[in-house]
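First comes the structure, then the notes that go with it.
Chain A is the first sequence line, chain B the second, and so forth, proteins listed ahead of strands; every chain is numbered from 1.
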Protein chains: 2
Amino acid sequence: MATVKVETDVVIERLMEVFRSVGYDGASMAQLADATGLQKASLYHRFPGGKQEMAMAVLDQVSEWNQRQLVDVLYSSAPPKTRLITALRSISQLYDGGRLACILRALSHGTAADLFRQPIAAIFTKWVDAFAHLAQDLGFDQQTSRHLGGSTLVRIQGSLILAQTLNQPTLFEQALHDIETDFLIN
Amino acid sequence: MATVKVETDVVIERLMEVFRSVGYDGASMAQLADATGLQKASLYHRFPGGKQEMAMAVLDQVSEWNQRQLVDVLYSSAPPKTRLITALRSISQLYDGGRLACILRALSHGTAADLFRQPIAAIFTKWVDAFAHLAQDLGFDQQTSRHLGGSTLVRIQGSLILAQTLNQPTLFEQALHDIETDFLIN
DNA sequence: GTCTATAGCTAGATAGAC
DNA sequence: GTCTATCTAGCTATAGAC
């Protein structure tokens with residue numbers, strides 16, 4: 001039982017890598033099978049809903065990461081500045097310093113747009129709210145805090161696009177630094 | 001001759017709409033034919049290179065828009081603040097106030113990523129440089145100007161993602177306002 | 001230059017042996 | 001639970017009449 005569970009987590013990790021690099025429509029079952037080391041029929045055994053269920057499993061894992069590495073951290077009782085630094089460091093690792101695309105963005109296009117908009121929006125909202133909460137703890141008023149929360153995700157998503165298209169990961173790190181400045185300005 | 005040219009421009013416009021909404025891999029020849037009102041074979045007559053050539057034609061049109069509505073404006077001899085306002089207004093119209101996705105982003109995923117990264121990067125670079133030039137005219141030093149230029153595109157791309165995923169076009173308009181503030185702070 | 005018809009292939013998804 | 005083998009639908013792309 002335990003062994004099976006672990007293996008499935010690994011499978012989901014591999015699926016995520018494929019979806020992230022080629023998108024939902026660009027990922028074929030053959031490619032997904034190849035990446036996981038399973039045959040197509042075996043993938044269908046684990047995910048009877050096919051590609052859609054696989055992507056949903058990936059999104060569940062992303063949602064868990066978001067909860068543990070961002071939400072839990074940013075709502076914790078540690079000093080606000082410590083929470084900020086910790087969260088930004090996790091984000092930097094998640095995207096490998098700007099070299100990896102965001103899986104949520106990869107699952108936001110084409111056929112996937114209609115299928116996964118709601119779960120992705122839920123993750124985005126939690127993310128924004130968590131950073132807005134931190135801003136309030138840092139003394140910003142409610143309106144400014146909301147604005148800062150949104151601006152954080154805007155900067156990260158936007159900088160990831162530029163970093164990868166222009167092949168300049170530095171742009172992502174710069175954005176993280178800009179975010180830090182936004183929060184610690186006073 | 002003239003009639004044909006115009007019609008092709010219209011065809012490209014329709015192709016762009018499809019690519020924008022479903023992405024490159026998500027767009028089938030049947031769908032593209034349907035959207036343009038032509039049959040598949042007719043599309044291949046105009047674009048012998050198939051889907052790839054169609055997307056390139058779209059990118060050429062985007063590049064032209066970029067040159068005329070942003071680069072030419074931002075390098076003009078009008079007062080810097082006027083140039084900024086004019087450019088931001090064009091951008092707002094281009095994305096219909098945050099309701100439309102960026103075609104460049106739609107052509108950055110899956111199979112398309114490898115095919116079109118260079119032309120897209122060229123457009124991004126021109127965009128960033130043009131806003132950096134404006135920043136210098138507004139009195140910012142070179143390093144700050146470059147940073148502002150990049151930050152402009154970051155804010156727009158990022159806010160478009162959030163605006164569409166969360167179905168809150170306001171986030172895009174907010175980002176435009178933030179950009180204006182960034183440039184007119186002194 | 002546009003059409004109908006179709007070739008050739010690969011996609012997602014299943015059947016059934018083991 | 002994993003495999004090989006296969007189905008059908010849809011894909012890109014082309015042939016050839018008009």
Side-chain angles (χ1 to χ4, degrees), chain A residues 1-59 103 106-116, chain B residues 1-59 106-107 109-116:
Chain A
M1 270 308 204
T3 333
V4 173
K5 186 77 187 292
V6 170
E7 278 179 5
T8 292
D9 277 4
V10 171
V11 166
I12 293 177
E13 199 72 35
R14 305 268 173 84
L15 294 174
M16 177 155 52
E17 286 168 24
V18 177
F19 284 133
R20 169 156 41 200
S21 66
V22 303
Y24 185 75
D25 291 316
S28 70
M29 288 301 302
Q31 193 174 358
L32 293 167
D34 201 47
T36 56
L38 292 172
Q39 295 298 325
K40 288 189 284 180
S42 302
L43 274 179
Y44 275 101
H45 178 79
R46 299 203 187 198
F47 307 96
K51 212 158 78 161
Q52 182 172 350
E53 188 174 337
M54 297 179 210
M56 275 301 299
V58 167
L59 284 178
I103 177 68
L107 293 177
S108 292
H109 287 281
T111 314
D114 299 320
L115 297 175
F116 310 119
Chain B
M1 270 305 202
T3 333
V4 172
K5 187 76 187 294
V6 171
E7 279 179 4
T8 292
D9 278 3
V10 172
V11 166
I12 292 176
E13 199 71 38
R14 304 268 173 85
L15 294 175
M16 176 154 56
E17 286 168 23
V18 176
F19 285 132
R20 183 182 356 229
S21 68
V22 302
Y24 185 75
D25 291 316
S28 71
M29 289 301 303
Q31 194 174 357
L32 293 166
D34 201 47
T36 56
L38 291 172
Q39 294 299 324
K40 288 188 283 179
S42 302
L43 274 179
Y44 275 102
H45 178 80
R46 300 203 185 200
F47 306 97
K51 211 161 78 163
Q52 182 172 350
E53 189 174 338
M54 297 180 209
M56 275 302 299
V58 166
L59 284 178
L107 292 177
H109 286 281
T111 313
D114 300 320
L115 298 175
F116 310 119

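- Taking each heavy atom of B:Lys40 and B:Ala33 in turn, the nearest pair found is N-CB, 3.8 Å.
- The side chain of A:Ser42 contributes no N or O atom lying less than 4.0 Å from OP1 or OP2 of D:dG1.
- Here the side chain of B:Tyr44 is nearest to one of D:dT14, D:dT2, C:dG12, namely D:dT14.
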### Task
Kindly determine whether A:Met54 and A:Met16 satisfy side-chain contact (heavy atoms from CB on, under 4.5 Å), including the steps that lead there.
CA-CA 9 Å; A:Met54 297 179 210; A:Met16 177 155 52; over 6 Å; no

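- Straight-line distance from the CG atom of A:Leu43 to the C1' atom of D:dG1: 12 Å, rounded to whole Å.
- Residue B:Phe47 contributes atom CZ, which lies 11 Å from atom P of C:dT2 at whole-angstrom precision.
- Listed here is the closest heavy atom pair of A:Val58 and A:Ile103: CG1-CG1, 3.9 Å.
- Rounded to the nearest 0.5 angstrom, A:Thr111 OG1 and A:Asp25 CG are separated by 3.5 Å.
- Counting to the nearest Å, the P atom of D:dT12 and the NZ atom of B:Lys51 are 5 Å from each other.
- Contact check for A:Met56 versus A:Phe47: no side-chain heavy atoms found under the 4.5 Å cut-off.
- The stretch residues 13-41 of chain B comes close to DNA chain D through B:Ala27, B:Ser28, B:Met29, B:Lys40, B:Ala41, each having a heavy atom under 4.0 Å from the strand.
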### Task
Go through the steps to decide whether A:Lys51 and A:Phe19 satisfy the test side-chain contact (heavy atoms from CB on, under 4.5 Å), and finish with yes or no.
CA-CA 10 Å; A:Lys51 212 158 78 161; A:Phe19 284 133; 4.0 Å; yes

